[in-house]
Amino acid sequence: MKFLPISLLILALATATAFAYDPSPLQDFCVAINDPKVFVNGKFCKDPKQVTADDFLFKGLRYPGSTANLLGSKVTPALVDQFPGLNTLGISMARIDFAPGGLNPPHTHPRGTEILVVVEGTLLVGFVTSNQLNNTLLTKVLYKGDVFVFPIGLIHFQLNIGKTPTLAFAALSSQNPGVITIANAVFGSKSPISADVLTKAFQVDKKVVDYLQAQFWYDNN
C-alpha cells in the first residue's frame, strides 16, 4: 500500500491546531499523569524535568485495526488517554480502517472539529447541519489525497463505497474531543430511554423501539 506524502498529514494536523478548541497552554508542555483520586478538567502534569522525548511519541497508529465486526470499521484513537504528551495542546488524531462496505456510523464530537484525510480507498462522507439550518445533509465522495472537515458538534459519518479496504487519518481540535455514536446513545443507553419517549420522538410503533433496544450496539472506537 502506497502512502501519501507526510506533508499532507502535517497539513491536516496544522489545520486542526489552528481551530483549537481546548484552552491554550500556559507552559511549554504538560505531559499527563494519572491520578485516580482527583478529577480535573484535563490531566495532571508530569514534572517537566522528568519528561523525555518518548513522552511525545505514539506508535499506536502504525498498524491496521481489525474491521472484523458488525460495522466493518475500526477507529484507533490517539487521544490524551493513549498519548499523554498531547495534554493541554488542543489536538489529537485517530486512524480509521474500513473493510469494503465498512461504516463509521453517524456520531458527533462534542468538543472538537475533525479534519479527515483519505490515504487509500474511497469514502462517502457527510454531516448534517443543526435544526437552525433545517438539518441539511452535506455529503461528498472522497478519494485518495482528499481532505474533508466536520464542524464541531455536528453529526457525521464515513462509508467505504469502494471494493477495497480504505484507510483514513483524522485530526481533531481537542486532546479529548469525545464521541457520541447516535444509535448507541439513543437505543443502547444504560438505563434504556423510555419507550414512550422514543415512540413519540421517532413516530414508530413500540415494537420497533423494543427491537432496536434489544440489539447489540457495537462501539468501533
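Here the structure is a predicted model, which means the values were calculated and not measured.
Leu198 has its side chain out of reach of Lys200: every pair of non-hydrogen atoms, C-beta onward, lies at least 4.5 Å apart. Between Phe127 and Phe148 the shortest side-chain heavy-atom distance falls below 4.5 Å. When side chains are defined from C-beta on, Phe157 does not count as touching Asn104, because their heavy atoms never get closer than 4.5 Å. The shortest distance between side-chain heavy atoms of Thr129 and Asn134 does not fall below 4.5 Å. At least one side-chain heavy atom of Gln158 sits under 4.5 Å from a side-chain heavy atom of Phe150. Contact annotation: the side chain of Ile96 approaches that of Leu116 to within less than 4.5 Å [non-hydrogen atoms, C-beta and beyond]. Residues Ile91 and Leu172 fail the side-chain proximity criterion, which asks for heavy atoms closer than 4.5 Å.
A salt bridge links Asp81 with Lys43: the closest approach of a Lys/Arg side-chain nitrogen to an acidic carboxylate oxygen falls below 4.0 angstrom. Salt-bridge check for Asp97 with Arg95: passed, with a basic side-chain N closer than 4.0 Å to an acidic carboxylate O.
Under the rule for a side-chain hydrogen bond (donor to acceptor under 3.5 Å, both in side chains), Lys74 has no partner lying at least two apart in sequence or in another chain.
In summary, of the residues considered (Val141, Leu142, Asn160, Leu103), a side chain to side chain contact (heavy atoms under 4.5 Å, CB included) with Leu124 occurs for Val141 alone.
Phe187 has its ring centre no less than 6.0 Å from the ring centre of Tyr211.
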